[in-house]
There are 2 protein chains.
Amino acid sequence: MKHVTLDDVAKEAGVSRATVSRVVNDYPHVSDHVRQQVQNCIDKLGYNPHLIARSLASKKTGNIGLVFPNSIHNFFTDPYYPRLTEGIAHACNENDYTLSLFIFHTEELEKKLIPRLTRGGLVDGIIVQATGIDDNILFKIKNGEVPFLVAGRPLNLPEANYIDVDNVSGAYNAVAHLIRVGRKKIGMISGPRNTSAGLDRLKGYRQALRERNYPIEDGLIVEGDFTELSGYHAANQLLKNQEVDAIFSASDTMAAGALRAVKDHSLSVPEDIALVGFDDLPPSRTAVPSLTTIRQPIRRFGVKAVDVLIDIIDNGSPPPRQVILGTELVIRESCGSI
Amino acid sequence: MKHVTLDDVAKEAGVSRATVSRVVNDYPHVSDHVRQQVQNCIDKLGYNPHLIARSLASKKTGNIGLVFPNSIHNFFTDPYYPRLTEGIAHACNENDYTLSLFIFHTEELEKKLIPRLTRGGLVDGIIVQATGIDDNILFKIKNGEVPFLVAGRPLNLPEANYIDVDNVSGAYNAVAHLIRVGRKKIGMISGPRNTSAGLDRLKGYRQALRERNYPIEDGLIVEGDFTELSGYHAANQLLKNQEVDAIFSASDTMAAGALRAVKDHSLSVPEDIALVGFDDLPPSRTAVPSLTTIRQPIRRFGVKAVDVLIDIIDNGSPPPRQVILGTELVIRESCGSI
DNA sequence: CACAAAACTGAAAGCGCTTCCAATACCCCA
DNA sequence: TGGGGTATTGGAAGCGCTTTCAGTTTTGTG
């Protein structure tokens, strides 16, 4: 079965290629009569435009690249990334874009793929997941010809286009809630301090304590890396060395680890330890006890990211687009007050 | 900054486009001297081939599409899919293919995207996640012009190319192990019976019981849908109505739910109930107690899938490629014997 | 040293589409 | 009815690359 081309349709309808193209793309300057007739031929022949050819001629690929840098090694461990990916994929498809996924597992792959991605005419725009401050992937992408948007505030490229949630106020609200329900000594399992999410959530924690005149003690803050295991270890450390009656974890995944640690210490949540997470991933709702947490609109995040990127693609960048989405405190059982 | 084209390089090097093309693609019939000289110009000008143009001329897109049908609604809930996606993405990149991700969230999206996918010259091949027997997406894809491979045995299109793990023998080994450690009444939380994974694992369970002359009772089999919650409910049902001393769950995620149910019944794993899962997802290793399970080589699955698909792309299909990968019993604490 | 064969190189024809520009058809109002 | 304007259509030039084919040079062999 031969591929039906624009030419075939034109011949069949007895018009020129240009006219068929106009009909296919829903452009003006075609009489209703001709348009109808061409449309009939399109349906009859089962014509589908050849997207590659279209790309070449129009200089638009209709592709968006989603990049997870080499330093994101827990792509599938943390439900956050898949969920984000899903949201972005959905939004792309809704907007007639195709999503190309690039997971850079190794340094070499990164080296090989970046030039292709940023120069090959492969994609119209790139969404790249923010990483640690020491990762210079953004600089490499910046040197390319393709507009890009960072998912998460990029610490080392503050002038970039990015989209993020309000981590500071989210964390602030989490801690403020713990204070509100009467907790006196609130520990924190923070994220990595070389990431903006880690830093900003820590900032919100400090801000809430300071405002209520709670002492801010270094010993109350233990750094994790957003994995369950790191949450477990961090909570253990907190429980061994400090008399905390509440823990704010910078992610739900780490909170799950913390919960496990609390149980290992024969303590219970929320009676002995109130626990608040961050993310509101699905497992948190069904956990026992269910987890109070800060909801990120991950799905909406993806949709918005695509919206903004498409806007940049269509209209150019400056001024830098920097979008911050709000969060929401979701109160469940783990903090002892409904 | 203007995009550097083949022509620019040709002009700079004082040769024809054809020659530059040969150098770029590492084709023979170019003298070492000219090749070196052209390569210098390429480096000097920072030339990168325009992939879209190449596609149009060579009739190969260098793209592989990964499709998650509408009926897969737990793409991000179940760590399995992200992990598979990651493996496939990696393998694609290793083989100089780009992965395009299609998550069909809605019927309409599916209707819109499939023609584009199967006719638009958008991808060279498709990997599509197997779904229930009542989903007719495979028939739609089959009608296209693009070769495809199903991830999982497709119940309703047995002649398709597919890759799967040996679910029957995996389940068999799981149950055989439970019998070996002395369990007498083994319940099963099965997967959906309209999927091959659900069916095959159930088959393995039955086979193991039958071989050891254990009775096969319908009441011992409760159907889940691979989610944690369904595992929880199924286990509750099993514990309420039956005096089981072991449960084989058709997935780790459901096993996690089952573990929760067991604890709710004030029973303990493995003392009262031995538990075996299927998948060997990362959380199972750190769970308490750690979960005995059947390891699927998800990563290798993805790599192999891409290998096979590329082979089909390059060499055509018949005979149908049907690849089955082995599984491995991973013994941990949850079945009471190390 | 001659000649066939092999190796190398360039010209040119597309791949299927968009889009600019010129050409034609149509309309309105004086 | 004629002239200016507008709406519609077709012609043709690319987009940047691959690939075939023919022409040219080099090599190998008797």
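In what follows, every chain begins at residue 1, and chains take the letters A, B, ... in the order their sequences are listed.
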Side-chain N,O (Y27(B)) to OP1/OP2 (dT18(D)) below 4.0 Å: no
N136(B) side chain to N156(B) side chain, donor-acceptor N/O pair below 3.5 angstrom: no
Rounded distance in Å - NE2 (H50(B)) to C1' (dC15(C)): 14 Å
Geometric class of the F68(A)/Y81(A) ring pair [parallel <30°, tilted 30-60°, perpendicular >60°]: perpendicular
Distance in angstrom units between R17(A) CZ and dC17(C) C1', rounded: 7 Å
side-chain contact (heavy atoms from CB on, under 4.5 Å) partner of I114(A), the single match among R116(A), K112(A), E110(A), K111(A): E110(A)
Nearest listed nucleotide, side chain of A18(A), among dC17(C), dG10(C), dT19(C): dT19(C)
Nearest-nucleotide pick for L56(A), side chain only, options being dG11(D), dG16(C), dT18(C): dG16(C)
Atom-pair distance (CG on L6(B); C1' on dA12(C)), nearest Å: 15 Å
Whichever of R35(B) and S58(A) has its nearest DNA chain C nucleotide further upstream toward 5': R35(B)
Length of the CZ-C1' vector between R119(A) and dG16(D), whole Å: 17 Å
Residue pair D32(A) / Q36(A), side-chain donor-acceptor N/O under 3.5 Å: no
Minimum-distance nucleotide to S16(B) side chain [options: dA11(C), dC17(D), dG11(D)]: dA11(C)
Touch class at under 4.0 angstrom, heavy-atom based, for S31(A) against every strand present: sugar-phosphate
Distance test, side-chain N/O of R54(B) to OP1/OP2 of dG16(D), below 4.0 Å: no
K59(B) side chain near dG16(C) phosphate (N/O to OP1/OP2, under 4.0 Å): yes
Which nucleotide in dC17(D), dC17(C), dC21(C) has an atom nearest any side-chain atom of T5(A): dC17(C)
Main-chain N/O of P158(A) paired to Q322(A) side chain as donor or acceptor, under 3.5 Å: yes
Touch class at under 4.0 angstrom, heavy-atom based, for V15(A) against every strand present: sugar-phosphate
Spacing of L122(B) atom CG relative to dG16(C) atom P, expressed in whole Å: 16 Å
Sugar-phosphate only, base, or nothing, as touched by V34(A) at under 4.0 Å among non-hydrogen atoms: sugar-phosphate
Among dC17(C), dT18(D), dT18(C), the nucleotide that comes nearest once only the side chain of N25(A) is considered: dT18(C)
Side-chain N or O of S21(B) closer than 4.0 Å to phosphate OP1/OP2 of dT18(D): yes
Along DNA chain C (nearest heavy atom to each residue), the more 5'-positioned of R22(A) and A53(A): A53(A)
Nucleotide dT18(D), atom P - distance to CD1 of I52(A) in whole Å: 14 Å
Spacing between L51(A) atom CG and dC15(C) atom C1', to the nearest angstrom: 15 Å
Donor-acceptor contact present, side-chain N161(B) to main-chain F148(B), <3.5 Å: yes
Rounded distance in Å - NZ (K60(B)) to P (dG16(D)): 23 Å
T19(B) side chain, from C-beta outward: closest of dT9(C), dC17(D), dC20(C): dT9(C)
